[in-house]
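Heavy-atom basis, side chains included; hydrogens, waters and symmetry copies ignored. Letters go in sequence order (proteins before strands), and every chain restarts at 1.
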There are 2 protein chains.
Amino acid sequence: MPAPEKTTREAIIAAGRALVEQVGVDGLTMQAVAERVGVRAPSLYKRVRDRDELLSLVVAATVEDLTLRMDATSTVPDPRARLMAQAHALRAFAHEQPVGFSLVFAAHGAPRVEPSAVAGSVAPLLDAVTELTGPEHALDGARLLTAWANGFITMELGGTLRMGGDIDAAWRWGLDRIVSALDRPSA
Amino acid sequence: MPAPEKTTREAIIAAGRALVEQVGVDGLTMQAVAERVGVRAPSLYKRVRDRDELLSLVVAATVEDLTLRMDATSTVPDPRARLMAQAHALRAFAHEQPVGFSLVFAAHGAPRVEPSAVAGSVAPLLDAVTELTGPEHALDGARLLTAWANGFITMELGGTLRMGGDIDAAWRWGLDRIVSALDRPSA
DNA sequence: ACCTGAACACCGTTCAAGT
DNA sequence: ACCTGAACACCGTTCAAGT
């Protein structure tokens, strides 16, 4: 007699993402996930190998989410404005999903997802930089921008930046400086 | 009858730092720490409140270590060269203690140490930037550099950068761009 | 005064037994 | 076929009893 399926892999991943944001990575327990999807903890092992795989799936889903957001910026025609929009989209995403963001970009141990997938999520940014700088230093330029944005956001989320001065202004100042450095080919 | 003290708080923290680098944050178990310092796990609670405090102490010690390294760069007279040396010192530290570095700068949840302590560790960098830019945009400039360096190193450690091209060259290219942007006052 | 074994709660995971 | 309770290992933590 086939037993009815009470949940899905997608529901489990979604529950994992919600838990991670609401109670932190340590709050991602198999029991808590099971309770959210209406099942007992052992049943989860029919859909995911173990907690570690579930965490990786959560990160992968977060990367996909980010990729969609970044792709949505392709409508902006001017490459400089588009670059700004992409940086803002990245920061907005991080503010919405701080824990997910840090899991994607601030990996502590071994990478949770394919580094290429993470790099792919910011690919539109590489396109915009290419239009600005030409192909020779496009990769270097994209790395300059993503590294700065990632670092700024991480420090902002961690509180390291929270000392004196307008953080939004500091973001804008830095972004302007970097985009300008990319824009005018002085090196 | 007074019982002999078999370990110290410092030894426990040192054991914690070693464990964290060798087996990751999850490997920092009270049992593993106890074994390293030659004591049983319950005895650790005479020196540290709980595992969470121990982890915070590990991070704090790492910040102190980094502060010493950064302070050592103050011998370089030219501010531009000093800034380069400081960036390199930061990166070298991260390569030596990748897990500790990520714990300090890539906090996942609530800050483990005073954000001001982390900011203080890179204070010499602020001084060099001030010499370069003048006081008006010194803070913004220091944030620009630290954010970039932190982001670059984090992505490097996480593998996100590990795709095509010389990473050292990308680091040098980015550092040169940023320092130049700070050096020549064009904005 | 610090150290220890025993004990408890909690979590990840497995598995035999249900439907 | 999937779901479940029971069971086990492991870890953090407490505590009474040792010295």
Side-chain angles (χ1 to χ4, degrees), chain A residues 1-61 99-100 103 107-110 112-113, chain B residues 1-61 99-100 103 107-110 112-113:
Chain A
M1 195 71 81
E5 307 192 1
K6 301 173 83 171
T7 186
T8 65
R9 190 168 160 104
E10 282 66 39
I12 291 170
I13 296 170
R17 289 184 71 181
L19 271 171
V20 149
E21 291 301 335
Q22 288 168 19
V23 291
V25 187
D26 291 344
L28 184 79
T29 69
M30 298 305 268
Q31 280 203 45
V33 172
E35 191 173 354
R36 281 205 174 226
V37 300
V39 98
R40 300 290 183 171
S43 299
L44 297 176
Y45 293 84
K46 281 283 157 179
R47 325 265 184 205
V48 298
R49 187 164 8 96
D50 51 26
R51 182 186 178 277
D52 197 66
E53 190 197 40
L54 174 53
L55 186 53
S56 294
L57 290 168
V58 164
V59 178
V99 182
L103 283 172
H108 278 258
R112 283 258 151 233
V113 287
Chain B
M1 193 71 79
E5 308 193 0
K6 300 174 80 171
T7 186
T8 66
R9 192 169 161 99
E10 282 65 40
I12 291 169
I13 296 171
R17 288 184 73 181
L19 271 171
V20 150
E21 292 301 336
Q22 288 168 20
V23 290
V25 188
D26 292 343
L28 185 80
T29 70
M30 298 304 269
Q31 280 203 45
V33 172
E35 191 172 354
R36 281 202 174 230
V37 300
V39 97
R40 299 291 181 169
S43 299
L44 297 177
Y45 293 83
K46 281 284 157 181
R47 324 268 183 202
V48 297
R49 186 162 14 89
D50 50 24
R51 179 185 180 279
D52 198 66
E53 190 197 42
L54 173 54
L55 186 52
S56 293
L57 291 168
V58 164
V59 177
V99 181
L103 284 172
H108 278 255
R112 285 257 151 233
V113 287

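- Atom CG of residue Leu55(A) and atom CD1 of residue Ile13(A) lie 11.5 Å apart, to the nearest 0.5 angstrom.
- Within 4.0 Å of Leu28(A), counting heavy atoms only, lie sugar-phosphate atoms of the nucleic acid but no base atom.
- Distance Gln31(B) CD to dT4(C) P: 13 Å, rounded to the nearest Å.
- Atom CG of Asp50(A) is separated from atom C1' of dC11(C) by 13 Å (rounded to the nearest Å).
- Neither OP1 nor OP2 of dC2(C) sits under 4.0 Å from any side-chain N or O of Ser43(B).
- The distance from atom CD1 of Ile12(A) to atom CZ of Arg17(A), rounded to the nearest 0.5 Å, is 15.0 Å.
- Residue contacts for Arg47(A): at a heavy-atom cut-off of 4.0 Å it reaches the sugar-phosphate backbone alone, with no base atom in range.
- Nearest heavy atom pair, residue Leu28(A) against residue Arg51(A), reads O-NE, 2.8 Å.
- Rounded to an integer number of Å, the gap from CG of Leu44(B) to P of dT14(D) is 12 Å.
- Without hydrogens or angle criteria, Arg9(A) side chain to Lys46(A) main chain gives no donor-acceptor distance under 3.5 Å.
- Taking atom OH on Tyr45(A) and atom P on dA7(D), their separation rounds to 18 Å, with Å as the unit.
- A salt bridge links Arg47(B) to Glu5(B): one of the charged nitrogens lies within less than 4.0 Å of a carboxylate oxygen.
- Secondary-structure annotation of DNA chain C gives the stems C:4-8 with D:12-16, C:12-16 with D:4-8, with a stem taken as at least 3 successive Watson-Crick or G-U pairs whose two distances both fall under 3.5 Å.
- dC2(C) atom P lies 13 Å from atom CZ of Arg9(B), rounded to whole Å.
- Side-chain nitrogen and oxygen atoms of Arg51(B) include at least one within less than 4.0 Å of the OP1 or OP2 phosphate oxygen of dG12(D).
- Note that CD of Glu10(A) and CG of Leu57(A) are 9.5 Å apart. Values are rounded to the nearest 0.5 Å.
- Distance CE (Met30(B)) to P (dC3(C)): 13 Å, rounded to an integer number of Å.
- For the atom pair CG of Asp26(A) and CG of Leu19(A), the computed distance is 12.0 Å after rounding to the nearest 0.5 Å.
- The listed nucleotides are dT14(C), dC3(C), dG12(C); the one nearest the side chain of Thr29(A) is dG12(C).
- Note: CG (Leu55(B)) to C1' (dG12(D)) measures 14 Å, nearest angstrom.
- To the nearest angstrom, C1' of dC2(C) lies 7 Å from CD of Glu5(B).
- Taking side-chain N and O atoms only, Lys46(B) has no distance below 4.0 Å to OP1 or OP2 of dT4(C).
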